[in-house]
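Data block below; observations after.
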Amino acid sequence: MYLRQHHSGWGQIARPIPLRNENDPGAYVERKSIIQFLDGCRQRGASELTVARYGKHLEALYDYLPKDKSIRYGTLAKWSESLIENGYAGGTVNAYLSVANMYLDFIGRREYQMSERLDQTPEAQPELSRTEYLQLLHAARRLNKERDYLLIKLFGTVDLSVRELSKLTVEAAKAGKLVINTSRSKRIVRLPEILKKELLEFADRKGYESGPIFQTRDGRPMNRAYITRMIRAICPAAGVAEDKGSTRCLQKLYRATRAGLESNISLLVDQAHERLLEQEQLKIGWTEVK
């Protein structure tokens, strides 16, 4: 039997790891203990940015766990495989596992920790141009793949992760926005009017009156690997390199496009401000503007 540590004294004394018991029902993960863990991190000097990152990692673990929300022997290993399958780099997976290990130590269940670390060799992220993005949309339309067309457009125009895709329901499309609730915060993701219209037309043709708009043929949520295979199947017809056919490349394009537009807006604001100052200078400046 292991020694359980009170949350207020977490990490101050060592806890012996118990012998492996294959019949152990596992470590139950509850949102209350996650919040307590995050509070404990704050008390130990972690920044709010770090606490938010820890919360995001544990939210992902919680969503991955089965209905009983328990971690058992091998659970973290299978979770890491799932993260890799969904396109996460080795370094990122290690960060997720590190937080999971910290949480398991916090609740006194170190026997379920995963000590092995993954290779962190970074991979260059290919750049998808806006022209190539449009070529993907054209190819999906030519191939009469409406669902694929909409998914490409969705990840190229909206700040939505694959993990949040199930939140895109018929109800959310009608409202024109998704409300993403986590144990830490609430985020509003707005749908462009053009995309909203196409999503609702697609749902209507499919006979979806409620619930998620995108799912596999057997009704399961789509994961990153599933969507990536779908996009890459369209790449040859679009004349786009297959390594650019992924949700990550589409999301990177979205962020770059937004950054460019915001930069242009900032320049226009600066120019308008300069004109305002020049007009005021003409009226009350110490020296005249020539």
Side-chain angles (χ1 to χ4, degrees), residues 7 10-11 27-67 69-71 75-107 109 112-114 117-118 120 122-123 125 154-155 158-169 172 177-190 212 214 221-228 246-252 254-255 258-259:
H7 294 169
W10 165 45
Y28 176 59
V29 178
E30 55 181 339
R31 293 189 182 278
K32 180 180 178 181
S33 65
I34 291 177
I35 293 173
Q36 291 172 335
F37 166 76
L38 297 176
D39 287 341
C41 292
R42 288 190 185 92
Q43 292 171 11
R44 283 160 181 76
S47 68
E48 282 303 318
L49 186 63
T50 297
V51 172
R53 185 171 70 250
Y54 287 177
K56 175 185 175 183
H57 294 352
L58 291 177
E59 190 75 25
L61 173 61
Y62 188 86
D63 289 346
Y64 169 79
L65 293 175
K67 290 182 179 180
K69 298 302 176 186
S70 292
I71 297 177
T75 295
L76 293 190
K78 291 178 181 177
W79 182 44
S80 67
E81 292 172 1
S82 173
L83 291 171
I84 293 170
E85 181 184 319
N86 286 330
Y88 289 83
T92 303
V93 175
N94 284 337
Y96 276 65
L97 291 172
S98 177
V99 176
N101 284 340
M102 290 168 60
Y103 170 76
L104 285 168
D105 182 46
F106 174 74
I107 63 174
R109 304 307 298 268
Y112 297 119
Q113 290 177 338
M114 179 176 172
R117 295 182 65 80
L118 304 178
Q120 298 188 42
E123 296 182 5
Q125 179 71 51
L154 174 68
F155 288 108
V158 174
D159 182 19
L160 191 72
S161 70
V162 173
R163 190 164 61 87
E164 296 166 338
L165 184 59
S166 61
K167 306 289 186 182
L168 180 51
T169 61
K177 63 182 180 181
L178 291 77
V179 180
I180 310 295
N181 287 303
T182 68
S183 59
R184 311 170 311 283
S185 62
K186 181 172 76 171
R187 186 167 69 95
I188 305 295
V189 177
R190 302 194 181 279
F214 296 108
M222 294 181 176
N223 60 31
R224 189 182 301 277
Y226 183 94
I227 299 173
T228 295
S246 69
T247 57
R248 290 191 178 279
C249 287
L250 288 167
Q251 290 167 328
K252 189 174 181 179
Y254 163 77
R255 289 191 292 270
R258 291 281 303 191

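For reference, positions follow the sequence shown, starting with 1. Given the structure is predicted, the values throughout are model-derived calculations rather than measurements.
- In this structure, the separation between CD1 on Ile34 and CD on Glu59 is 6.5 Å, given to the nearest 0.5 Å.
- A distance of 14.5 Å separates CZ of Arg44 from OG1 of Thr50, quoted to the nearest 0.5 Å.
- Side-chain contact of Ser80 with Tyr96: a donor-acceptor pair under 3.5 Å is absent, judged by distance alone.
- Taking the side chain to side chain donor-acceptor pair (under 3.5 Å) definition, one finds that Thr75 meets it with nothing, sequence neighbours left out.
- Residues meeting the salt bridge (charged side-chain N to carboxylate O under 4.0 Å, His left out) test with Arg42, sequence neighbours left out: Asp39, Glu48.
- By the ring-ring contact (aromatic ring centres under 6.0 Å, His included) test, Tyr254 pairs with no residue at all, sequence neighbours left out.
- A pairwise comparison of heavy atoms in Thr169 and Pro212 identifies CG2-N, 3.8 Å as the closest pair.
- Between Leu165 and Leu154 the shortest side-chain heavy-atom distance falls below 4.5 Å.
- Heavy-atom neighbours of Lys167 NZ from other residues, nucleotides or ligands within 6.0 Å: at or below the threshold of 12.
- Under the 3.5 Å distance criterion, the side-chain polar atoms of Lys69 are matched with a main-chain donor or acceptor of Tyr62.
- Ring-plane geometry between Trp79 and Tyr64 is classed as tilted, the angle between the planes lying from 30 to 60 degrees on a 0 to 90 degree scale.
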| request: Please lay out, stage by stage, how Leu76 and Asn101 fare under the test side-chain contact (heavy atoms from CB on, under 4.5 Å). | output: CA-CA 9 Å; Leu76 293 190; Asn101 284 340; 3.6 Å; yes
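- For Ser161, the side chain to side chain donor-acceptor pair (under 3.5 Å) test picks out Glu164, with sequence neighbours left out.
- Put simply, OG1 on Thr247 and OH on Tyr226 are 14.0 Å apart, with the number rounded to the nearest 0.5 Å.
- A distance of 12.0 Å separates NZ in Lys78 from CG in Leu65, rounded to the nearest 0.5 Å.
- Closest heavy-atom contact between Met102 and Tyr54: CE-CE1, 3.7 Å.
- Partners of Ser70 according to the side chain to side chain donor-acceptor pair (under 3.5 Å) rule, which considers only residues two or more places apart in sequence or in another chain, do not exist here.
- For the side chain to side chain contact (heavy atoms under 4.5 Å, CB included) test, residues two or more places apart in sequence or in another chain that qualify with Ile188 are Lys177, Val179, Arg190.
- Ionic pairing of Asp159 and Arg187 is present here: one or more N-O contacts between side-chain nitrogen and carboxylate oxygen are shorter than 4.0 angstrom.
- The shortest non-hydrogen separation linking Gly55 to Leu38 is N-CD2, 3.7 Å.
- The shortest non-hydrogen separation linking Leu61 to Ile71 is CD2-CD1, 3.9 Å.
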| request: Show your working on side-chain contact (heavy atoms from CB on, under 4.5 Å) between Val189 and Ile180 and close with a plain yes or no. | output: CA-CA 8 Å; Val189 177; Ile180 310 295; 4.1 Å; yes
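- Leu104 and Ala27 get closest at one heavy-atom pair: CD2-CB, 4.3 Å.
- Nearest heavy atoms, Ile227 versus Phe155: CD1-CE1, 4.1 Å.
- Here the straight-line distance linking atom OG of Ser246 with atom CD of Gln251 works out to 8.0 Å at 0.5 Å rounding.
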